[in-house]
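Since the structure comes first, as structure tokens, the remarks are kept for the end.
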Amino acid sequence: MIRTRFAPSPTGYLHIGGVRTALFNWLFARQHGGQFILRIDDTDQQRNVTEALQPILDGFRWLGIDWDEGPDVGGPYGPYFQSQRQTRHEAAVKQLLDSGHAYRDYALPEELQAEREAAEAAKRPFTYSRRWMAQTEADAARWEADGRAAVVRLKMPRTGSCRFHDQIRGDVEFQWSQEQDHVIQRADGTCLYHLANVVDDHDFAITHVIRAVEHLSNTPRQVFIAQSLGYELPQYAHLPYVAEPGSANKLSKRKLDKYLKHPDFKKLYEHGLRIARAIGHATTGETFNPVIVDFYRTVGYLPSALVNYLLLLGWSLDDKTEQFTRAEMIEHFTLERVNKSPASFDPLKLWAFQQREMVALPLDQKVPLLVPFVRQAGWGAALRPAELDDRVRQIAGAAGDRIKAAGDILDYPEFFCADEQLVMEPKDVEKRLRKPGAAELLRRFRDMLAELEPFDAATVEALLRSFLEREQIQIGEIIHALRVATTGKSVGLGMFDALAILGRQSTVQRIDRALQLL
RNA sequence: GGCCCCAUCGUCUAGUGGUCUAGGACACCGGCCUUUCACGCCGGCAACACGGGUUCGAGUCCCGUUGGGGUCACCA
């Protein structure tokens, strides 16, 4: 049974790079009919773990990445919170101590620091002298009487090398001489990450450790721990990290200001910002950031588009396939085809994926995604649910591929506001409505609209065409004025669709109001 | 700095010694369509980091250089 895991720390947000790692773990497990486990790498000093974990779990659920064992679902290998596994970790430390693979060290931090500096001054790699390694109980007792406290360190090999096979990088070799006697347990008894990690992976029967390449150089010490404990080694696969837009640096959630100088990133961000503001979503917190998954949910992206994009960030099937359904991803994914080099996050390519999927989404499925945004913006409060659905449906149908994220429905306030509250864009009023002759044409066309029956797009268009014929004018001479008068601005849906959605009464009232304003 | 990893268009990538005058996608530029916007269609620009080998032949194998990155905690 293949078992993979993703082990987020409860930080309150899901990083895009982390999601990709989780996705690859998930795909690998699903493909092999295995299991995907979520383990929470919390430390005892973190507070509000539950609260900080929720957005992460929500994020995974939204993305459709489900876990077979972990928080909320439990499982036979629990607990799934690292902080609740202390006794297991302590037992492992004891075993390591008993077998001579670890030792109690009584060195003071300053003493260790002094050794480090001496090594540096002599330009030689630092290796701890083990001066304060307790060889006997008498040593320990004496030093403790002096007020010293012990940490537990790994007694790492100092010759030879550590070799292991990486599913992505091939055979890897590290010299033991480069390794340190890492601390695995603090003086207060709490255990450190690498120890806990190895023990938990073993306890969870993890077969494949698929993680970011940052951990590659941590692997030797983990191999040492695992082997010393008599564990069978998991298969390792170290994924390249996700880089910043236009650079090879690792993508970081802390560099939003820097990324906003990148035009494509800025475009993505500002689009989201417009929507977030319209629905009153906080935009100052740490999570409103395109590096964090929550951003995309807030703005109304399709999770399948994000996942599809992330899949291709470091992995490809062949020279042309780009769109994958979930089933296809599971069928085709292989670690062998994961790239070795970092892939930088391209905001516009993600946007293109989103756009493509949104356009392909049938109206029946699109409308339910749009309606919540309208509600959150506080629009259409006077409409009954069915009326609102219907209105949104009409707009979405007419908007077609203009709506690229669910939040884009908020580009059309003109269809939700009262006629007398329509906001008129001054520049457009100036250019289109105050244009010589426009008002007079508009007045004449208004009188014809007022009598039109039925008031649908095709009939309105036929009316306008005959009007053009009679007046001997080009369509451009009236349609811009008509658009500004009825929608307040110069861009929007097809004119006839827009008028049909507004209906005769609103259309006429809005034209009258516009003419009065002139 | 030590150790380790990586290196094809601006970006994601295909390419596993000859079919590569290097293919696809996004972006960009030009044109068409058009009541605005968006879409769509057609066309275009654009890459094997450099230097040595190996080989009849190298983007593809080897070495070096350069560049980029990761990692070196009583963080995770």
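We use all heavy atoms of the structure for the numbers below, so side chains are in, but hydrogens, waters and symmetry mates are not. By convention in this document, chain letters (A, B, ...) are assigned in the order of the sequence lines, proteins followed by strands, and residues within each chain are numbered from 1.
- Salt bridge A:R85/A:D200: present, at least one basic N to carboxylate O contact under 4.0 Å.
- Taking the C1' atom of each, B:U13 and B:A22 are spaced 13 Å apart, rounded to whole Å.
- At a threshold of 4.0 angstrom between heavy atoms, the contacts of A:L493 include nucleobase atoms, whether or not backbone atoms are also involved.
- Between the C1' atom of B:A76 and the NE2 atom of A:H194 lies a distance of 8 Å, rounded to the nearest Å.
- Residue contacts for A:Y193: at a heavy-atom cut-off of 4.0 Å it reaches a base atom on one of the strands shown.
- The residue A:N339 sits close only to the backbone: its heavy atoms come under 4.0 Å of sugar-phosphate atoms, none of a base.
- For a distance-only test at 3.5 Å, the side chain of A:R402 qualifies as a donor-acceptor partner of the base of B:C37.
- Nucleotides B:G44 and B:C50 place their P atoms 26 Å apart, quoted to the nearest Å.
- Look at A:R337 and you'll find a side-chain N or O under 4.0 angstrom from OP1 or OP2 of B:G15.
- The C1' atoms of B:G18 and B:G31 are separated by 39 Å, rounded to the nearest whole Å.
- Across every non-hydrogen atom of A:D408 and A:R402, the tightest pair is OD2-O, 4.1 Å.
- Among pairs with a residue in residues 241-251 of chain A, those fulfilling side-chain hydrogen bond (donor to acceptor under 3.5 Å, both in side chains) read A:E214-A:K250, A:E244-A:S247, A:E244-A:K255, A:E244-A:K258, A:E244-A:Y259, at least two apart in sequence or across chains.
- Of the two residues near RNA chain B, A:Y309 and A:A399, the one whose nearest nucleotide lies more 5' is A:Y309.
- For A:D401, taking side-chain heavy atoms from C-beta onward, the closest of the listed nucleotides B:C39, B:A76, B:U35 is B:C39.
- In this entry B:A22 has no Watson-Crick or G-U wobble partner, no candidate having both defining distances under 3.5 Å.
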Item checked: Contact state string [nucleotides 24-31 of chain B, B base, S sugar-phosphate only, - no protein heavy atom under 4.0 Å] -> SBSS----

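- The distance from atom NZ of A:K340 to atom P of B:U13 is 13 Å, rounded to the nearest whole Å.
- No contact: A:G246 has no heavy atom under 4.0 Å from any strand.
- With a 6.0 Å radius and a threshold of 12 heavy atoms from other residues, nucleotides or ligands, A:Q474 has its CD atom at or below the threshold.
- If you take CG of A:D408 and P of B:C39, they are 12 Å apart, rounded to a whole angstrom.
- Ion pairing of A:E120 with A:R116 is absent here, as no side-chain N (NZ or NE/NH1/NH2) approaches a carboxylate O to less than 4.0 Å.
- Ion pairing between A:R158 and A:D181 holds under the 4.0 Å rule for side-chain N and carboxylate O.
- For the pair A:D318 and A:R337, the salt-bridge criterion is not met [side-chain N within less than 4.0 Å of a carboxylate O].
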Notebook entry, point to check: What string of B, S and - do you get for nucleotides 69-74 of chain B, 5' to 3', if B is base contact, S is sugar-phosphate-only contact and - is no contact with any protein heavy atom under 4.0 Å?
Noted result: SSS-SB

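- Here A:F333 and A:F324 keep their ring centres 6.0 angstrom or further from each other.
- B:U11 and B:G51 are spaced 28 Å apart, taking the C1' atom of each and rounding to whole Å.
- When the C1' atom of B:C37 is taken as reference, atom CD1 of A:I395 falls 16 Å away, rounded to whole Å.
- The distance between atom CD1 of A:I168 and atom C1' of B:C4, rounded to the nearest whole Å, is 16 Å.
- Taking atom CZ of residue A:F265 and atom P of nucleotide B:U11, one finds them 17 Å apart after rounding to whole Å.
- For the P atoms, the distance linking B:U16 with B:G59 amounts to 13 Å, nearest Å.
- A:S344 has a side-chain polar atom (N or O) that falls below the 4.0 Å cut-off from OP1 or OP2 of B:C12.
- Heavy atoms of A:G492 sit under 4.0 angstrom from at least one base atom.
- At a threshold of 4.0 angstrom between heavy atoms, the contacts of A:D318 are confined to the sugar-phosphate backbone, with no base atom among them.
- Taking atom CZ of residue A:R20 and atom C1' of nucleotide B:C12, one finds them 12 Å apart after rounding to whole Å.
- Taking atom C1' on both nucleotides, B:C29 is separated from B:G68 by 30 Å, rounded to a whole Å.
- Backbone-only contact: A:K404 has heavy atoms under 4.0 Å from sugar-phosphate atoms and none from a base.
- Annotation: B:G53 and B:U60 have their C1' atoms spaced 16 Å apart (nearest Å).
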Item checked: Derivation of the ring-ring contact (aromatic ring centres under 6.0 Å, His included) call for A:Y106 and A:W143 -> CA-CA 7 Å; A:Y106 285 88; A:W143 287 326; 5.5 Å; yes

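- Checking B:U55 for Watson-Crick or G-U wobble geometry (two distances, each under 3.5 Å) identifies no partner in any strand.
- Here, B:C48 and B:A14 have their C1' atoms 13 Å apart, quoted to the whole Å.
- Checking B:C50 for Watson-Crick or G-U wobble geometry (two distances, each under 3.5 Å) identifies B:G64 as its partner.
- Results of the side chain to side chain contact (heavy atoms under 4.5 Å, CB included) test with A:F496 over A:T459, A:I501, A:V460, A:D456 single out A:V460 as the only residue that passes.
- Pairing for B:G43 is with B:C29, a Watson-Crick or G-U wobble pair whose two hydrogen-bonding atom distances lie under 3.5 Å.
- Heavy atoms of A:R124 sit nowhere under 4.0 angstrom from any nucleic acid atom.
- Look at CG on A:L433: it is 14 Å from C1' on B:U36, rounded to the nearest Å.
- Using a 4.5 Å heavy-atom cutoff, the side chains of A:N218 and A:H194 are in contact.
- Between A:K435 and A:E430 there is no side-chain heavy-atom pair separated by less than 4.5 Å.
- Annotation: of the two residues near RNA chain B, A:S247 and A:M495, the 5′-most nearest-nucleotide partner is A:S247.
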